[in-house]
Every structure is written in C-alpha cells, then in structure tokens.
Amino acid sequence: MSIKKISAMAIAGLMTIGVVSVFAQDAFVAPATPEEAVTMRQQLMKQDGGLMRTLAGLTGAEAAAALQTMLTNYTHIPALFPEGSIGDSKALPAIWENWDAFNAIVETGKTAATDGIAAAEAGDAAAYAAALKTLGGTCGQCHQQFRG
C-alpha cells in the first residue's frame, strides 16, 4: 500500500471522527459577533480546503461522510457572513452588495455535495467526479468574486 493511500485513509478516518463528533453536538449556533463570524468561517473554510484535497482519493462511506461535512458547512456559510463582518479577513464588501449571487454559489455547493454523497453511496465514480468538479468550482468562483 502506498504512503499516499495510507495518508488518505488516515485523513478519512480522522474526518469521520470529526463528522461523528459534529453530529453528537447540539445544533449549529450562529456567531454572536462579527469577530466570531470571521473566526468561525475561517475555520470552516480551512476544513473545507482540507476535505477538498482528500475527496478525490475517497470512495464509499468515507467519501459520503466527508461530503456530508462539506454539505453541513455550506449550509452554515450564510450565517457566518453577517453584513459587514469583514474584520481581519479577505472578505470583500461585494458579498453583501451581491448577496443573491453569493447565496447562489452556496446553493450550487450544497447541491454538488448532495449529488456527491449520492454518487459515493451508489459507487458511481463518474457522477462522484462530476460532483467534486462542481464543488471545487464553487470554491474558486466564490473566492474569485468575493475574496480579496
């Protein structure tokens, strides 16, 4: 077994533990302050970035669990961007000036994650790859338009 495969499996295992612990916690609590929103969304984006780097090497239940985390994170994104919460971040005012476009990207990400979960569970490699491509595209699109 290659080191790349071992690493991917170890990361997937850790992500699965993280997913289980997220579900064991109470429901998402929106940030109380703009500063908290910035911190929470930066953590979420780092988690999503890490997941995106491993998703191509995952299959089946591990892939579905990782994508469930992505779906949950995408669901929370709008609450992590209360108006004007730029703070110490790279968020651009364009987010709030073009809120509908921002949310449309979020919705596309949620749909892609949902599609990816279904594809992973069905063992449909082509549909899974397509979902990952769309999901990655939402990250790039959002950063290109709304991140400085």
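Here the CE atom belonging to Met40 is positioned 8.5 Å from the CG atom belonging to Leu44, to the nearest 0.5 angstrom. Residue Glu97 holds its CD atom at 9.0 Å from CG of Leu92, rounded to the nearest 0.5 Å. Note that CG of Leu51 is 10.0 Å distant from SG of Cys139, once rounded to the nearest 0.5 Å.
Residue pairs that meet the salt bridge (Lys or Arg N to Asp or Glu O under 4.0 Å) test with at least one member in residues 120-137, sequence neighbours left out, do not exist here. Within the structure, the salt bridge (Lys or Arg N to Asp or Glu O under 4.0 Å) test picks out no pair touching residues 30-52 (sequence neighbours left out).
Met70 and Ile77 fall within the same hydrophobic cluster, where Ile, Leu, Val, Met, Phe, Trp and Tyr residues are linked whenever their side-chain heavy atoms come under 4.5 Å apart, directly or through other members.
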Determine all donor-acceptor pairs shorter than 3.5 Å in which one atom belongs to a side chain in residues 108-117; sequence neighbours excluded.
| unit_1 | atom_1 | unit_2 | atom_2 | d |
| --- | --- | --- | --- | --- |
| Thr108 | OG1 | Ala104 | O | 3.0 |
| Lys110 | NZ | Glu107 | OE2 | 3.1 |
| Thr111 | OG1 | Glu107 | O | 3.1 |
| Thr114 | OG1 | Lys110 | O | 2.9 |

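Annotation for Ala120 and Ala64: closest pair CB-N, 4.0 Å, computed over non-hydrogen atoms. Here the closest heavy-atom approach between residue Met52 and residue Leu132 is recorded as CE-O, 4.0 Å. Heavy atoms only, all atoms of each residue included: Leu80 and Ser85 are closest at O-OG, 4.2 Å. Between Ile86 and Ala91, the closest heavy-atom pair is CG2-O, 3.6 Å. Taking all atoms of both residues into account, the shortest heavy-atom contact from Trp96 to Gly84 is CE2-N, 3.5 Å.
Every side-chain hydrogen bond (donor to acceptor under 3.5 Å, both in side chains) that Tyr74 has, sequence neighbours left out, goes to Thr138. Listed by chain and number, the residues in a side-chain hydrogen bond (donor to acceptor under 3.5 Å, both in side chains) with Arg147 are His143 (sequence neighbours excluded). Under the rule for a ring pair (Phe, Tyr, Trp, His ring centres under 6.0 Å), the partners of Phe81 that lie at least two apart in sequence or sit in another chain are Phe102.
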Q. Under the side chain to side chain contact (heavy atoms under 4.5 Å, CB included) criterion, do Gln145 and Ile95 qualify, and how do the steps go?
A. CA-CA 8 Å; Gln145 293 181 31; Ile95 292 168; over 6 Å; no

Q: Go through the steps to decide whether Phe28 and Thr72 satisfy the test side chain to side chain contact (heavy atoms under 4.5 Å, CB included), and finish with yes or no.
A: CA-CA 9 Å; Phe28 173 77; Thr72 299; over 6 Å; no

Q) Please walk me through it: do Leu135 and Leu67 pass side chain to side chain contact (heavy atoms under 4.5 Å, CB included)? A) CA-CA 10 Å; Leu135 193 58; Leu67 283 168; 3.7 Å; yes

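You'll find the side chain of Phe146 reaches within 4.5 Å of the side chain of Ile105, heavy atoms only.
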